[in-house]
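First up is the structure itself, then whatever we jot down about it.
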Amino acid sequence: MTEYPMLFSPFRLNGVTLKNRIVSAPTSLAELAPGGRLSTENIEYYKLRAAGGAAVVTVGDSIVESSTGRSHPMQIALDDPDSVPSLKMCADAIQSHGAHASIELDHGGVLCAERFIGQKPLGPSDMVLPWGPEVRGMTASDIERIADAFGEAAARAKLCGFDMVCVHMGHGWLLNQFLSPFTNLRDDEYGGSIGNRMRFPLLALDRIREAVGRAFPIEVRMSGSERLDIGYGLDTGREIAKLLDKQGVCDLLHVSAGTNADDYSAVLMHPGSFQKEGENLYLAKEIRKHVKLPVLSVGGFGSPSFMEETLASGDVDLIGVARALIADPMLPKKAYAGETEDIVPCVRCGECQSGMFVHRNIRCTVNPLIGRDREYFLPPTVRVRKKILIAGGGPAGMQAAITARGLGHDAVLIEKSPRLGGALAHMDGIWFKQPLVKYRDYLIDKLGRLDIDVRLEIDASDYDFAAEPPDAVVCAIGADPVRPDIAGLELMNPSIGVPDSPEGLGERVVIIGGGLVGSEYAVYLADLGHEVTILEMMEQIAPDAGFMHRTGLLHEIETRSGAGAEGAGRIDVQTGMRCVEVDERTVYAEDRQGVRRAFEADSLILAVGLSPRVAETEKLRARALSAGAAFYTVGDAGSPTTIMRAVRDGYDAVVDIGLR
């Protein structure tokens, strides 16, 4: 008997029986094959979610009219007959693991760019958007044509073997644009009252139903609230849901939140580490009270126990999961088997989404296989099993040890400090770092469950190569905080890098360095009541953060610094400032014009970056090579980097060792 009886109970949806209540929510892939078709790698990505045990796997961001609806150049073109073969293969791949295949029907509307579609983007109304583009309001013939396109796209999805469709009516896409007062300025039958604004979405749903028939599930993805001052709120979201319920045009309400028309609203749509698990559950819970249709909630779900509690309360009927199934595609199967301690926790960092926009490839901080998903089905070849010494117990070193044991190698992990975790070792008291703390503890627990030989308080220089010669050495010893050359620095006895504890910092704290580390620590200190000043040489802070996390971080800083905001005055951000001198109580900095300013401080924190421990690394390299061992440098030991890169480094090094 599973620990989660509600989560793994079947659910009947318009003639289709779902084996459990976990729906792999729509996720899109920005790097497709030419012509907007799915590549083999794309299909493996969706297949993996099915192999992990989700009841439904939804292919995301599929455009019903590509000539007007693409918001970026790599989107599935459902109006292209040549897309059929890859879509058929994808549906087959999903179904081969016992999941139902669904696909999201979408049109970008005002979110499209002229350079992608060769014309002005279409939208409900003639307008110029705040970010620049001029929009052409849709005519009656446009509305009819695109409604037909939704129907034709649904018919094509059914032809390709998909079991259901998910109609995107939220997040600022075209159907949502007709619902939003931000974009719908019409005064005809498609504007004004919510009944009028629903006219086009309902028309599109009617055409879809005509195309697929009655016995084919239609899911509608909606924003319960746009969570934006100029958008609609929950009151309108409730009315939208009631109209959908009354019209009987769909079988499932997928209640999300937010709009892509605003950066911070998009963060709330995909809750990050500054938001709670199930951030948008309240929307689905309220809507569920007013409709007969089943309701799905989505947004930051990751814990099977929280999913079970949510379902058992009767608040919703299904749970949509996206990023947690990227962090660990096997989450459903592990949860069903009671192996929750083996679920790799999603840290909600947003790197998967940020990477899609930056380099058009999906990656994951905690899962090194994302982006090369076929390795789940075809594990790396291990030609020779070896003994591996791993020096350093941070994320890179722990991942290397876990990978080594998983591939059959013998691994010894040494760490010079009394505890594992590296850069994650001292985050316990920081509220928004708890997802990373959970991940750190997962790694430590995994080392123990795999019975890996872990030796604490052992410096790499003390390892006896003669007594225990390894075949390979993975150097994951990390890096040291940089101490800048500033006159009088010693007079204030600064913390080099963020301190392990905020005790004794005093009321006024100056942080030199407004990168990710310094900016996050400022939020933490502000919440403890400190007055924090960030001095940053560049013109912006936290440029090293992924854009999703950075957007959330900047919002947190703004709410602690803006006039009239809660916590006003706790954080003062000074960019374009170079620190030039320090005395016992004052930090002096100059702006780009050479104007000197003084900042009073009770304490000073230096967060200007990291420097690899080159001397220690080279000493270990020499000892390893003299002992005939291969040598690999990973994580910050090679070059200060992100946790994502450190984890991938640790994994990749061990895979490479097995090829020799």
Side-chain angles (χ1 to χ4, degrees), residues 25-34 36 38-39 41-42 45 60-61 63 70-76 106 108 111-116 131-133 171-173 258-274 322-327 346-373 395-396 435-436 514-517 519-520 536 538-557 609-610 635-636 638-649 651-652:
T27 51
S28 58
L29 301 171
E31 193 58 34
L32 306 179
L38 292 168
S39 68
E41 290 78 9
N42 299 149
Y45 170 87
D61 210 13
I63 303 302
R70 279 180 166 167
S71 60
H72 62 80
M74 287 296 187
Q75 289 175 301
I76 297 168
D106 201 0
L111 297 179
C112 298
E114 189 169 347
R115 67 183 184 276
F116 299 147
W131 55 90
H171 296 180
W173 301 100
T259 170
N260 287 311
D262 177 80
D263 288 346
Y264 186 62
S265 179
V267 168
L268 297 176
M269 180 197 308
H270 308 287
S273 60
F274 295 108
R323 288 169 296 169
L325 293 181
I326 294 173
C346 172
V347 297
R348 288 191 272 133
C349 60
E351 286 292 343
C352 49
Q353 297 152 304
S354 299
M356 291 273 288
F357 287 92
V358 174
H359 45 65
R360 298 210 324 233
N361 280 283
I362 189 168
R363 297 289 184 268
C364 177
T365 290
V366 299
N367 186 343
L369 293 183
I370 295 302
R372 44 193 180 193
D373 307 79
L436 276 171
L516 175 62
V517 172
S519 298
E520 286 187 332
E536 169 55 45
M538 306 297 288
E539 294 302 322
Q540 55 180 266
I541 60 173
D544 49 337
F547 84 89
M548 290 294 289
H549 183 68
R550 183 173 185 269
T551 300
L553 174 59
L554 293 181
H555 176 83
E556 297 298 322
I557 290 174
L610 298 171
D636 288 345
S639 178
T641 186
T642 62
I643 296 171
M644 177 171 65
R645 177 62 188 272
V647 169
R648 291 178 78 89
D649 279 357
Y651 173 86
D652 289 341

Can you name the nearest heavy-atom pair linking [X] to [Y], along with the distance?
{"X": "Glu536", "Y": "Gly514", "result": "OE1-N, 2.6 Å"}
{"X": "Arg648", "Y": "Asn367", "result": "NH1-O, 4.3 Å"}
{"X": "Ser265", "Y": "Thr259", "result": "OG-N, 2.9 Å"}
{"X": "Gln353", "Y": "Phe547", "result": "O-CE2, 4.0 Å"}
{"X": "Ala545", "Y": "Leu516", "result": "CB-CD1, 3.8 Å"}
{"X": "Val267", "Y": "Gly552", "result": "CG2-N, 4.0 Å"}

Measure the shortest side-chain to side-chain distance between [X] and [Y] over non-hydrogen atoms and say whether it is less than 4.5 angstrom.
{"X": "Ile643", "Y": "Leu436", "result": "yes"}
{"X": "Val647", "Y": "Val366", "result": "no"}
{"X": "Tyr45", "Y": "Thr27", "result": "yes"}
{"X": "Ile557", "Y": "Ile541", "result": "yes"}
{"X": "Thr365", "Y": "Thr642", "result": "no"}
{"X": "Leu554", "Y": "Tyr264", "result": "no"}
{"X": "Asp636", "Y": "Thr641", "result": "yes"}
{"X": "Asn260", "Y": "Met269", "result": "yes"}

To the nearest 0.5 Å, how far apart are [atom1] in [X] and [atom2] in [Y]?
{"X": "Leu29", "Y": "Ile76", "atom1": "CG", "atom2": "CD1", "answer": "7.5 Å"}
{"X": "Glu556", "Y": "Glu520", "atom1": "CD", "atom2": "CD", "answer": "10.5 Å"}
{"X": "Asn361", "Y": "Cys352", "atom1": "CG", "atom2": "SG", "answer": "13.0 Å"}
{"X": "Ile362", "Y": "Ser28", "atom1": "CD1", "atom2": "OG", "answer": "8.0 Å"}
{"X": "Arg372", "Y": "Arg363", "atom1": "CZ", "atom2": "CZ", "answer": "7.5 Å"}

Main chain of [Y], side chain of [X]: is a donor-acceptor contact present, judged purely on distance under 3.5 Å?
{"X": "Asp544", "Y": "Gly515", "answer": "no"}
{"X": "Asn42", "Y": "Ser39", "answer": "yes"}
{"X": "Arg323", "Y": "Pro271", "answer": "yes"}

Among Met548, His549, Met644, which one satisfies side-chain contact (heavy atoms from CB on, under 4.5 Å) with Glu351?
Met644
Test side chain to side chain contact (heavy atoms under 4.5 Å, CB included) on Trp131 and Leu111 and set out the steps.
CA-CA 10 Å; Trp131 55 90; Leu111 297 179; 4.1 Å; yes
Derivation and outcome, side chain to side chain donor-acceptor pair (under 3.5 Å), residues Gln75 and Asp61:
CA-CA 7 Å; Gln75 289 175 301; Asp61 210 13; 2.8 Å; yes
Is it true that, when you exclude Arg645 itself, more than 12 heavy atoms of the residues, nucleotides or ligands shown sit nearer than 6.0 Å to its CZ?
no
Parallel, tilted or perpendicular: which one describes the rings of His171 and His270, with boundaries at 30° and 60°?
perpendicular
